[in-house]
Novice: 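I'd like to ask some things about the structure below.
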Amino acid sequence: MQKLVSLLLLFLSFSASAQYKSQLELIKKFPSGNYTVYRFDNRKLDKVGKLWPITINMGSNGLVETVVIKRSGIIDEEFKPDLKEQPGYFAFETTKLMFLENYAVYYKQNVSYDGSTQYDILYEFIPEGGGPQDMKDASADIAAYRKATLNSQSGTRADIAKNQEETE
């Protein structure tokens, strides 16, 4: 029985990794422009009246340098990749931005008293023609993507550490 459970967990981790798409791949579906925004308020998504501009700044190497969100159409927030060569998310102060298959999500990550990680969704960005996601789905999407990202980034992080060690 224990072997069966281990095999099932191994299969699930491989299938999550197989479905993993990097942020660099996903962000191609999200061109710079104005986005419909949904704010998480009182456990439901409310559409924000104003469109929010998002600007994706690519470097000459084809990697994302920054993603600038003009929050409420006025305040610039500059999100930077956690790992430039293979980002799992983009961060600005305590908030994170993640691009998923059909929407982008702006959230805060918190670790609860029991050690579990919680994702507090603040906003969702929907490309033209799309609709909001269910909040439970968004939290589950973030958790699944983060797990696949950690698996995928481990080799890249090791390579970066090795290169830094060699240059010192």
Side-chain angles (χ1 to χ4, degrees), residues 2 4-30 35-48 52 54 56 63-69 71-72 75 77-127 130-162 164:
Q2 205 171 24
L4 180 62
V5 170
S6 296
L7 284 173
L8 181 61
L9 290 173
L10 186 63
F11 172 75
L12 289 174
S13 72
F14 280 133
S15 73
S17 295
Q19 294 175 3
Y20 167 81
K21 289 184 182 177
S22 76
Q23 288 294 287
L24 297 175
E25 192 177 338
L26 290 166
I27 207 167
K28 290 176 184 174
K29 293 181 172 186
F30 298 87
Y35 281 77
T36 302
V37 181
Y38 291 87
R39 178 182 59 229
F40 183 59
D41 192 26
N42 294 325
R43 301 202 175 269
K44 63 179 184 150
L45 285 169
D46 290 328
K47 187 175 181 178
V48 173
W52 290 12
I54 296 179
I56 299 166
L63 300 177
V64 178
E65 297 289 328
T66 61
V67 177
V68 178
I69 293 178
R71 189 164 47 95
S72 300
I75 303 166
E77 295 182 340
E78 186 177 80
F79 290 79
K80 295 184 178 180
D82 66 322
L83 185 62
K84 205 173 232 184
E85 296 82 5
Q86 191 177 4
Y89 58 85
F90 301 88
F92 171 75
E93 296 176 356
T94 61
T95 56
K96 295 180 180 175
L97 175 67
M98 181 182 290
F99 293 88
L100 297 165
E101 199 64 38
N102 300 316
Y103 64 105
V105 64
Y106 177 114
Y107 66 98
K108 287 189 178 190
Q109 181 176 328
N110 298 307
V111 178
S112 64
Y113 292 111
D114 66 359
S116 63
T117 302
Q118 305 295 317
Y119 302 103
D120 298 330
I121 311 305
L122 302 173
Y123 301 100
E124 287 186 5
F125 300 92
I126 312 295
Q133 300 293 306
D134 181 271
M135 294 312 296
K136 288 180 185 175
D137 291 344
S139 293
D141 288 348
I142 292 170
Y145 188 85
R146 295 277 302 181
K147 183 177 180 178
T149 299
L150 289 175
N151 290 339
S152 184
Q153 283 184 336
S154 61
T156 303
R157 289 188 187 280
D159 291 344
I160 289 170
K162 182 180 175 186
Q164 284 178 340

Novice: Just so I know, are the side chains of Ile27 and Val67 near enough to count as touching, which here means a heavy-atom distance under 4.5 Å?
Specialist: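 With C-beta onward as the side chain, the pair touches.
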Novice: What is the minimum heavy-atom distance between Leu63 and Glu85, and which atoms define it?
Specialist: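 Scanning both residues completely, I find the closest heavy atoms to be CD1-CA, 4.3 Å.
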Novice: Tell me the closest heavy-atom pair linking Pro87 and Asp82, and the distance in Å.
Specialist: CA-OD1, 3.2 Å
Novice: When rounded to the nearest 0.5 angstrom, what distance separates CD in Glu25 from CD in Gln86?
Specialist: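 Answer rounded to 0.5 Å: 11.0 Å.
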Novice: Between atom OG1 of Thr94 and atom CG of Asn110, what is the distance when rounded to the nearest 0.5 Å?
Specialist: 8.5 Å
Novice: With a 4.5 Å heavy-atom cut-off, do Asp141 and Tyr103 have their side chains touching?
Specialist: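 In short, these two side chains touch, coming nearer than 4.5 Å.
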Novice: If I compare all heavy atoms of Phe99 with all of Ala104, which pair ends up nearest, and what's the gap?
Specialist: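 The answer is CD2-CB, 3.7 Å.
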Novice: Taking the side chain as every heavy atom from C-beta outward, state whether Tyr123 and Ile69 have any atom pair closer than 4.5 Å.
Specialist: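 Tyr123 does not reach Ile69 side chain to side chain.
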Novice: For residues 91-102, pull every pair meeting salt bridge (Lys or Arg N to Asp or Glu O under 4.0 Å), keeping only residues two or more places apart or in separate chains.
Specialist: Lys21-Glu101, Lys29-Glu101
Novice: Evaluate side chain to side chain contact (heavy atoms under 4.5 Å, CB included) for Tyr145 paired with Leu26, printing each intermediate quantity in order.
Specialist: CA-CA 12 Å; Tyr145 188 85; Leu26 290 166; 3.8 Å; yes
Novice: Quick one: closest heavy-atom pair of Ile121 and Tyr107, and the distance?
Specialist: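 In terms of heavy atoms, the two residues are closest at CA-CB, 4.1 Å.
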Novice: Distance from Phe30 atom CZ to Leu100 atom CG, nearest 0.5 Å?
Specialist: 7.5 Å
Novice: Describe, in one word, how the ring planes of Phe92 and Phe79 are oriented to each other, choosing from parallel (under 30°), tilted (30 to 60°) and perpendicular (over 60°).
Specialist: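 Tilted.
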Novice: In terms of side-chain heavy atoms, does Tyr89 have a donor or acceptor partner in Gln109 at a distance below 3.5 Å?
Specialist: no
Novice: Decide yes or no on side chain to side chain contact (heavy atoms under 4.5 Å, CB included) for Gln23 and Val64, but give the supporting numbers first.
Specialist: CA-CA 9 Å; Gln23 288 294 287; Val64 178; over 6 Å; no
Novice: In Å and rounded to the nearest 0.5 Å, what is the CD to CZ distance from Glu124 to Arg39?
Specialist: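 The CZ atom of Arg39 is 13.0 Å from CD of Glu124, to the nearest 0.5 Å.
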Novice: What verdict does the side chain to side chain contact (heavy atoms under 4.5 Å, CB included) test give for Glu65 and Lys84, after you've listed the backbone C-alpha separation in whole Å, the side-chain angles of each residue and the deciding distance to 0.1 Å?
Specialist: CA-CA 7 Å; Glu65 297 289 328; Lys84 205 173 232 184; 2.8 Å; yes
